[in-house]
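Remarks on the structure that follows.
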Amino acid sequence: MKIAVTVKQVPDPNGTPGLDSDNTLMRDREVVLDPGDEYGIEEALQLKEKSGGEVVLVSMGPDKARDAIRKGLSMGADRGVLISDPQLAGADALLTAKALAAAIRSEGAELVICATESYDGSTGMVPPMLAELLGVPQLTFAKQVEVAGQQVTVHRQTEAGYQVLEAELPALVTVTAGIAEPRYASLKGIMAARSKEVKVMTLADLQVEPGRPAESVESIEEAAARAAGEIVEDDGSSGVERIMAALTAAKVI
Amino acid sequence: MAGILVYAEVADARPAAIALELLSKARELGQVDAVALGPGAREAAAQLGAYGARRVFLNDDPAFAEYLAEPATDCMAALIEREPPDLILFGFTSDGREVAGRLGARLDVGVISNALDISGASGSYEAQVPYFGGARVANYRANNRPAIVLVRPKSFEASESGGQAQMVEIEAAIAERSRRARISERHDEVSDQVKLEDARIVVAGGRGLGGPENFALVEGLASALGGAAGATRAIVDAGWVPYSFQIGQTGKTVRPGVYIAAGISGAMQHTVGMKGAKVIVAINKDAHAPILKLADLGVVGDVTKILPKLTEAVKAKRAS
């Protein structure tokens, strides 16, 4: 089974991100493989270990995004595809999904695995758009995935509990962090990743027209800040006393 | 005249709270219709009218509840072709985003996701979306028709309009190939605690609790206060508590009267789901934790020592 995993390079969640003058995220800051994508890579590797096949990482981003792909390759993925094109700077979810769909179609993957949403954008729109463009069903918020023959079964996390979802391949699955503990890259894995192929593709290669953006940023404003509150250093009793006073003032006790 | 179409999710033959919130806001922006699909749609329709839907397009085909996303996408696409709206509003819920994303791709119009507010009038809509860790808000303009916007739950107050909707049966229009992602089982975790989204008091815990065994301290205080316990994504991902406790970007949005954050640092992932609380109390050992900037009262101290004492004090006060 050929599995495509979408991966994204994002600003380091533990770093201090900045904004460029055009309100796009500064890409020269420290960037990492989206931590949410590591779960998808891990799940793909486990599926491959069980039933064989190939794991291809597909990413979109500047040349530097190779580093994110390289990290996934060092975990054990087989190959990478990087869609890189200056016309994709600031691409919205729809254009991103179109570019990814074209690359995944050219790979002929039977199973596509995505994170539920990216760490930085958090819109969660690329996976359902990608499923629609590929013409495959989507099985989402998976905390468990099983593939038996052509059948994929997913435990989908819901607000109340979980559902069991079933579909035939080809399909797209989005995974949550509960699914598997991502492995660390071994030294051997890191060495092996250096010689693994990362194919670079442009929009022209994929025959995708960038078109007019579906949405544009009109302005960016500071979020309304809450008025500064009171800060108390707990001395063993002052903390509880002040909280009790606040709860009483709020009339909840 | 083109107008606004609200995708009204239905659960147990009633409109979801988010559907009523969206209708209440949409009334301010123009003429509003709603669409309700699946079992219970008919029963839910009257209430959609009472919150401002002029017409309710409905179809109660069981396939809408049996298969994920695709049947609803088909039906929406057919309806939009017949009655083209300027704007379609969805709730930023797990089901809403599935359908909105597919629909945005099928119509080739895109989707503005995760919005906190929406403004504009016929022909031009802007949505306000948290940006850059929530420190800023971006105004996105939708360039295509229809504009599709996903709005976070609890962004708007639901209020009745006293109206009555015209019921319009629509065709299910489900393609045979859309019956694919089949929901074969549903497992709901039963909980005896107050529903998190509706609780007047929420006590939530994060990694600062130190370990899963200390989450009992959070539940103890929540129970003493008659409120609900919640959690950050970090401790849900770590397996300390089930996903149903999660508050934030990928979890629930709460707007309680009082929110007590215990051992929570205050990442945007979490704060986007709770910063609408009236009063925020934060307990954290790190005086520089970002949550303290949001808090009306911040206590710098050991959460595992403070919570038991606080629970005792609340119980004593309640008993007196």
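To find a chain, count down the sequence lines: A is the first, B the second, and so on, and within it residues start at 1. Values in this document were obtained by computation on a predicted structure and should not be read as measured data.
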(message) If we define contacts as heavy-atom pairs under 4.5 Å, which of Ile280(B), Leu225(B), Val99(B) has the most with chain A?
(response) Ile280(B)

(message) Can you tell me which of Arg180(B), Arg102(B), Glu185(B), Arg182(B) forms the most heavy-atom pairs within a distance under 4.5 Å of chain A?
(response)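 Sorted descending by pairs with chain A, the first entry is Arg102(B).
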
Check whether any side-chain heavy atom of [X] sits under 4.5 Å from a side-chain heavy atom of [Y], and report yes or no.
X         : Y         : value
Ile243(A) : Lys309(B) : no
Asp302(B) : Asp234(A) : no
His187(B) : Thr158(A) : no
Asp108(B) : Leu94(A)  : yes

(request) Output yes when a side-chain donor or acceptor of Arg242(A) lies under 3.5 Å from a complementary backbone atom of Val299(B), and no otherwise. (result) no

(message) Quick one: does any side-chain atom of Arg97(B) pair with a main-chain N or O of Pro128(A) as donor and acceptor, under 3.5 Å?
(response)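 Answer holds: no.
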
(request) Search all heavy atoms of Lys252(B) against all heavy atoms of Glu159(A) and return the closest pair with its distance. (result) NZ-O, 3.5 Å

(request) List the atom of Phe92(B), the atom of Thr123(A), and the distance in Å for their closest heavy-atom pair. (result)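 Closest heavy-atom pair between Phe92(B) and Thr123(A): CE1-O, 3.6 Å.
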
(message) If we count only N and O atoms by modelled type, under 3.5 Å, do the side chains of Thr140(A) and Glu98(B) hold a donor and an acceptor together?
(response)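 Glu98(B) and Thr140(A) do have a side-chain donor-acceptor pair below 3.5 Å.
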
(request) Could you tell me which residues in residues 310-320 of chain B have at least one non-hydrogen atom under 4.5 Å from a non-hydrogen atom of chain A, sorted by residue number? (result)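 Residues in range: Leu310(B), Ala313(B), Val314(B), Lys317(B), Arg318(B).
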
